[in-house]
Amino acid sequence: MNLIKKKISICVMLIIALAFSGCNDFLDIYNPSANTIDYYDTKEGQEKLILDLYSRYRSVFGEGNLQYFGTDMYMACDESPTSAQFDGYNKDLSGLSGVIGGYWNLLYKVVQESNILLNRCTPEIAGGNYDRMIAEATFFRVMAYYYLVETFGPVPLLVEENTDVENVITEVTREDESAIYSFMITELENVKGNLPNAASEAGKLSDTALRHFLGKLYLTRSYRDYTVSDDLTNAISNFESVISSDHHRLLPRFADVFSEDNQNNDEIIWAIQYGNDKNYNGGGNPQHSQFGFNLTALYPGLFTLNQKEYSAMQRYYWVNPIVHEWYRNPDIDTRYDVTFKREFYINDPSHENYGKPGIYMPLWNDTSNDDKGSTYYYPFKKSDGTYNWYPAFGAMGWSTDCMPMCQKFKETRIDWGGKGTREDVVFRMADTYLLCAEAYLKNGKSGEALEKVNQIIKRAAGTDENYEIMKIQSASALTLDRLLEERGCELFGEHDRWFDLKRTGTLLTRAKLNPLVIRYDNLSDIHLVRPIPYDERIKLKGLDQNKGYNN
């Protein structure tokens, strides 16, 4: 393995001005911009470096263009360059495309800061916190490499600090994916058990979170041609150890998982923290505003700006209508109306129909044509059988521009259009169950896979009677596609859909459920990785472009 030992120019030469932002005590701000690099030889400096690593993952998980676009579940509502390139995979996607350069640099900043910490942290400096600090830095570096290798394929593997401004290298080697996966798994195995089983504070990492992620690495590698024979066994072992945790569990009710009054609950394994203090909130958590439409702009005179009733939606990630059909029994699946808001009452006191239904969208399978007396009525499909819940997208001939909003992440305690304050859930127990089911299914143990998935469905059903209707009846009915659809229902709006499809080898087929992908008809195996950013390639010899991309 060729481990590059010098810092390359893809990262800032020395990351001293740290962008700390958080809401809990452990995320208190400190900006050591006036200090020298020697500051990181102190325990205080190293603890603050860890805080910056936590903070940077806000931006990693905030890059929705690389998580949602180009998948089966989400679609763009326009044909801007970013939408066409990342949602439609058109021919303009290249190393000059937006988003990817910032994502690449962000992840390598995580790598560099982790390397500084891993190089300088010693038992003498850290004392009783040494194992914890090393484990956190190791986890964050591994996670950065996971997103780098899954996004870009072979990448330079940096494992040592280099803050020598006189020694910037200009030539690199792209490490094989197999070597990077071996490195990531070995790194996490080496620190497993060095974190507390339960997080010491909200937002902190735990050994449970580490084992969840380690299981995901083993599972992902099991799909690759460089898989190791015990990958699936190890994935299942890690997932089962999380499921049997004394500190985390599936909550009895799906609605309780996302209650504003129940954040950092027992189902949450790891979540990025925000909060109400504007000094620590950074740009805020945008999830509450991403999956809907601009209600007040499209229907003036009916609705006032009322954050308690609905979020100020940005109308950016449109929900592919087919997703609604994955909720096979929307009338009894408790996840459906927790996830989506379908009814909007006129709340402008000056309107003659104040308090009456303004917009009504029935359950997707409701064909009764009952409009509930609403001013605007939008059934799921038109009379010709085509979807009605599409954006006003001129090129495609759509015109409704109205769909159920996602209310799963609703924020009722902020000002209209304000910065989101809620936690951003990264790992939770339901995800562990579904990943474990996937590992069992791939390992030929469909009965065990069915048991795990049906536990998630049982919670969604709410009652034993409804569960008998909703459950998957036989192991033979649990296909990988069905499992991915159950992931979509359970984890709607949460992260990594693009990475889920890539992991399972279904991206090239399932992405064709996306109308923009069909429109451009350009999706191919080159799109299993993104293009290497142009600005990085021109700086570094050996950083060649991925096959099929220009610039």
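Basis for what follows: all heavy atoms, side chains included, without hydrogens, waters or symmetry-related copies. Residues: numbered from 1 along the sequence shown.
Taking the charged nitrogens against the carboxylate oxygens, Arg413 and Asp261 do have a contact shorter than 4.0 Å, which makes a salt bridge. With respect to the salt-bridge test (charged N to carboxylate O, under 4.0 angstrom), the residues Glu260 and Arg422 do not qualify. Lys382 and Asp384 are not joined by a salt bridge, as no carboxylate oxygen comes within less than 4.0 angstrom of a charged side-chain nitrogen. Between Lys408 and Glu494, at least one side-chain nitrogen of the basic residue sits less than 4.0 Å from a carboxylate oxygen of the acidic one, meeting the salt-bridge criterion. Remark: Arg342 does not engage Asp366 in a salt bridge, criterion side-chain N to carboxylate O under 4.0 Å. Under the 4.0 Å criterion applied to side-chain N and carboxylate O atoms, Glu485 and Arg328 are assigned as salt-bridge partners.
Lys547 meets the salt bridge (charged side-chain N to carboxylate O under 4.0 Å, His left out) test with no other residue; sequence neighbours excluded.
Under a 3.5 Å cut-off, the side chain of Trp389 and the backbone N or O of Val319 do not form any donor-acceptor pair. Here the side chain of Asn546 pairs a donor or acceptor atom with the backbone of Phe152 at under 3.5 angstrom.
Put simply, the side chain of Cys436 reaches to within 4.5 Å of the side chain of Ile243, judged on heavy atoms.
Using a 30° and 60° split on the angle between ring planes, Phe293 and Tyr299 fall in the perpendicular class, above 60°.
Between the side chains of Tyr433 and Glu486, no donor N or O sits under 3.5 Å from an acceptor N or O. Inspection of the Ser94 and Asn550 side chains reveals no N or O donor paired with an N or O acceptor under 3.5 Å.
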